[in-house]
Amino acid sequence: MTITKRLNTISEEIYLAEKKYHRIPNSVLLLAVSKKQSIEKIHEAFSAGQKCFAENYLQEAMEKQKALSDLDIEWHFIGNIQSNKTKLIAENFNWVHSINKLSIATRLNAQRPAHLSPLNICIEVNIDGEKTKSGVMPQDIVELAKNISDLKNLKLRGLMVIPEKAISAARQTLSPFRKTFLLQQELIQRGFKLDTLSMGMSSDFEAAIAAGSTIIRIGTAIFGKR
Ligand SMILES: *Cc1c(COP(=O)(O)O)cnc(C)c1O
């Protein structure tokens, strides 16, 4: 199947899921995860109408942005962030979904160029409190959200989650997506103005939409295997 056909299929599935789960039409954004995919494939997706792309690895992302600089793409960073990489991320992305500590947010804030609008931020939450995983423990989210809200060149938009499938299926009554939604509601009740839940990938985006996702991050289902 071509990338254009796959994009059309996913858009139809998003539309149907929004209907089925009583979500507002067009309230779920499709983010194309293009890590380890070629520049040609990104070009094809863009030509089919896809405007938002996400990358995990900074050097790879910089090469692609250079090659595709004539296209009006909104770039999202979703990978692990080392502190020596924050400057290029602050300068070259519209969104960062993978904030898991204040020191990184502070650097991004200091390095965001003045002529750009504030960098959109999601805090990555380790919703099941797994020791081996990155992300902020649920009990530490409020304090980090407060501190990020004080940073003028960042705009805190919401939470991002990558659930562990094995744990979620076998041992839990509440799905990790539902738990993330409830955590976001708690933050909203505390006065944080949040509008984004970045959750759902190729294999589980329908469940994420059912639980309130507003951005689904889709790689394989658009571009094929990496
Ligand atoms: C790679 C990646 C995705 C996309 O995963 P697919 O299963 O290919 O859709 C989404 N989110 C993050 C954080 C990723 O690293």
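Start at 1 and go down the list; that is how both ligands and their atoms are numbered. One-based numbering along the sequence shown.
Of all the heavy atoms in Lys87 and Gln111, the pair that sits closest is N-OE1, 3.0 Å.
Looking at heavy atoms from C-beta onward, Leu31 lies out of side-chain contact with Ile216 at the 4.5 angstrom threshold.
Between the side chains of Ser83 and Arg107, no donor N or O sits under 3.5 Å from an acceptor N or O.
Here the side chain of Ser34 pairs no donor or acceptor atom with the backbone of Gln37 at under 3.5 angstrom.
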For this session: Decide yes or no on salt bridge (charged side-chain N to carboxylate O under 4.0 Å, His left out) for Asp195 and Arg157, but give the supporting numbers first.
Result: CA-CA 6 Å; Asp195 60 9; Arg157 300 293 297 266; 2.9 Å; yes
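Near ligand 1, residues Val33, Lys35, Asn56, Ile78, Ile162, Met201, Ser202, Arg217, Ile218, Gly219, Thr220, Arg226 come within 4.0 angstrom through at least one heavy atom.
Using the six-membered ring where Trp is involved, Phe93 and Trp75 have ring planes that are perpendicular, over 60° apart on the 30 and 60° scheme.
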